[in-house]
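Below is one structure, written out as structure tokens, with a few remarks after it.
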Amino acid sequence: CYEKGEGGGDKSGGEKTDEKKESCTKDKTQAVEEWYKKATEHGDARAQCNLGVCYEKGEGGGDKSGGEKTDEKKESCTKDKTQAVEEWYKKATEHGDARAQCNLGVCYEKGEGVELFKKAAEQYKKAAEQGHAGAQCNLGVCYEEG
């Protein structure tokens, strides 16, 4: 809702008044800092995967100027692929999240070495078995290229 700016509020298309306020405007900072992080504390795999995506892309959360962090300049989700993989995608895959398995596979595939390629194929297979179309395609490429 906060990440995409969907949900809540009036859907009639009329002019917004005090009675017709949109309750869920797009706010990636709020999505990350408040809701995804709360949901991950309860082991929610979808939120763990979403938080991984935010860290992988460096989206969601405060100032990105690189200056000293203060209360006004929170930086909750800077681009950090290591944190995306090691913390969030892995946690989500432990709960069987197909999207996280595919994302983790992509991260492994972009790494170097045969071991990472094998790990990528393992994650693609797990996600493919759950019907994730992207993972099925990626797994096919793995088999084709060896």
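What you see is a predicted model; the values in this text were computed from it and never measured.
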*Ignoring hydrogens and geometry, is there a side-chain-to-backbone donor-acceptor pair from Gln130 to Gly96 under 3.5 Å?*
yes
*Might you work through the side-chain contact (heavy atoms from CB on, under 4.5 Å) test for Lys91 and Asp97, ending with a clear yes or no?*
CA-CA 9 Å; Lys91 283 183 180 179; Asp97 188 276; over 6 Å; no
_Between Lys90 and Glu86 (salt bridge meaning N to carboxylate O under 4.0 Å), is one present in this structure?_
yes
*Is it the case that Gln136 and Tyr124 place a side-chain donor and acceptor less than 3.5 Å from each other?*
no
*Minimum heavy-atom separation for Ala127 to Ala98, with atom names?*
CB-O, 3.3 Å
_Ala100 to Ala92 - nearest heavy-atom pair and separation_ = CB-CB, 3.4 Å
*Could you tell me which non-hydrogen atom of Ala128 sits nearest to which non-hydrogen atom of Leu139, and how far apart they are?*
CB-CD2, 4.2 Å
_Lys119, NZ: over 12 other non-hydrogen atoms inside 6.0 angstrom_ = no
*What distance do Cys142 atom SG and Lys118 atom NZ have between them, rounded to the nearest 0.5 Å?*
12.5 Å
*Which heavy atom of His95 sits nearest a heavy atom of Gln48, and at what distance?*
ND1-OE1, 3.3 Å
*How long is the span from the CZ atom in Arg99 to the OH atom in Tyr89, to the nearest 0.5 Å?*
7.0 Å
*Value rounded to 0.5 Å, distance of OH in Tyr108 from CD in Gln123*: 6.0 Å
*Co-membership, hydrophobic cluster, residues Val106 and Phe117, 4.5 Å side-chain*: no
*Roughly how far, to the nearest 0.5 Å, is NZ of Lys110 from CG of Leu116?*
13.5 Å
*Over all atoms of both residues, closest heavy-atom pair of Gly105 and Ala120*: O-CB, 3.2 Å
*Are Cys49 and Trp88 close enough that some pair of their side-chain heavy atoms sits under 4.5 Å apart?*
no
